[in-house]
Structures are given as structure tokens and as C-alpha cells.
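Source: prediction; values computed, not measured.
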Amino acid sequence: MNIAAHNYRTASFNFRREPGSEMETAKTYQYESSTAVYELLVIGKAEYVRVNFGPWCNRIDGWHPIHYAVRDYAAANGAFS
């Protein structure tokens with residue numbers, strides 16, 4: 001599946017799991033097609049996906065082929081290294 005570079009975005013944010021805990025960084029990878037927005041959230045080694053700003057899901061049944069394409073595109077462009 002091809003990813004159009006102009007529809008792909010990446011961002012990151014910092015958070016604490018509880019007050020006083022160590023700061024962690026989460027990275028997001030987003031792809032906007034003509035019909036939906038697909039997102040991949042990476043916290044440490046865990047990956048979560050969602051479609052159209054719905055609930056985050058870490059189960060395999062939440063993944064669509066485009067989520068794999070977004071992850072592959074991100075990896076090819078230096079993410080996860």
C-alpha cells in the first residue's frame with residue numbers, strides 16, 4: 001500500500017503516568033486518506049491504533065492494512081531506530 005507523503009504526519013508528546021513519576025515520550029504517526037484518519041501511537045514498545053479519532057486499541061483486530069503501511073512508512077523514514 002502506498003503512502004502519500006503530504007497526507008502523513010508525525011508528532012510526539014510527553015506525559016507522566018502519575019504525579020512525580022519519570023517523564024515519558026509518546027510518538028504518534030497519522031495518515032489522512034480521503035475517507036478516514038488512521039493513527040498509530042507508540043509508547044515504549046507498545047503500539048496502539050485508532051480510526052477517525054475513536055478509541056485507542058492495542059488488539060490485532062483493531063489494525064487495518066493502512067496501519068501497517070503507516071508503521072512501515074515511519075520505519076523507512078527513521079522512526080523506531
Side-chain angles (χ1 to χ4, degrees):
M1 183 171 283
N2 293 330
I3 294 288
H6 65 279
N7 289 348
Y8 170 81
R9 291 170 187 74
T10 184
S12 63
F13 61 91
N14 295 326
F15 69 98
R16 295 180 196 272
R17 293 186 190 261
E18 55 188 54
S21 66
E22 190 173 323
M23 187 72 69
E24 295 183 56
T25 300
K27 295 185 180 185
T28 60
Y29 306 93
Q30 183 184 80
Y31 185 74
E32 185 175 352
S33 73
S34 60
T35 58
V37 176
Y38 300 92
E39 291 181 276
L40 171 65
L41 170 67
V42 179
I43 301 174
K45 301 273 184 193
E47 297 177 332
Y48 304 88
V49 295
R50 70 179 177 178
V51 179
N52 289 333
F53 304 101
W56 290 107
C57 178
N58 65 345
R59 296 186 327 254
I60 193 71
D61 62 345
W63 285 72
H64 297 272
I66 190 71
H67 287 121
Y68 294 103
V70 168
R71 184 175 62 184
D72 293 345
Y73 185 84
N77 287 292
F80 312 120
S81 56

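Remark: Asn7 engages Ala4, Tyr31 in a side chain to side chain contact (heavy atoms under 4.5 Å, CB included) (not counting sequence neighbours). Thr25 meets the side-chain hydrogen bond (donor to acceptor under 3.5 Å, both in side chains) test with Asn14; sequence neighbours excluded. By the side chain to side chain contact (heavy atoms under 4.5 Å, CB included) test, Thr35 pairs with Ser33, sequence neighbours left out. Residues passing the side chain to side chain contact (heavy atoms under 4.5 Å, CB included) test with Ser21, sequence neighbours excluded: Arg16, Arg17, Glu18. Residues that satisfy the side-chain hydrogen bond (donor to acceptor under 3.5 Å, both in side chains) test with Glu32, not counting sequence neighbours, are absent from this structure.
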Show me, pair by pair, the donor-acceptor contacts under 3.5 angstrom made by side chains of residues 59-68, not counting sequence neighbours?
| from | atom 1 | to | atom 2 | distance (Å) |
| --- | --- | --- | --- | --- |
| Arg59 | NE | Asp61 | OD1 | 3.1 |
| Arg59 | NH2 | Asp61 | OD1 | 3.4 |
| Arg59 | NH2 | Asp61 | OD2 | 3.2 |
| His67 | ND1 | His64 | N | 3.0 |
| His67 | NE2 | Arg50 | O | 3.2 |

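Under the salt bridge (charged side-chain N to carboxylate O under 4.0 Å, His left out) criterion, the residue pairs touching residues 62-71 are Glu47-Arg71, with sequence neighbours excluded.
Clustering of Ile, Leu, Val, Met, Phe, Trp and Tyr by side-chain heavy atoms under 4.5 Å joins Ile43 with Phe13, Phe15, Leu41, Tyr48, Trp56.
A donor-acceptor pair under 3.5 Å is absent between the side-chain atoms of Ser12 and the main chain of Thr28, judged by distance alone.
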Quiz item: For Tyr8 and Val70, what are the C-alpha separation, side-chain angles and deciding distance, and is it a side-chain contact (heavy atoms from CB on, under 4.5 Å)?
Solution: CA-CA 8 Å; Tyr8 170 81; Val70 168; 4.2 Å; yes
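Residues Ala36 and Asn52 approach most closely at CA-OD1, 3.2 Å, considering heavy atoms.
In terms of hydrophobic clustering, with Ile, Leu, Val, Met, Phe, Trp and Tyr side chains grouped at heavy-atom distances under 4.5 Å, Val42 and Val37 are assigned to different clusters.
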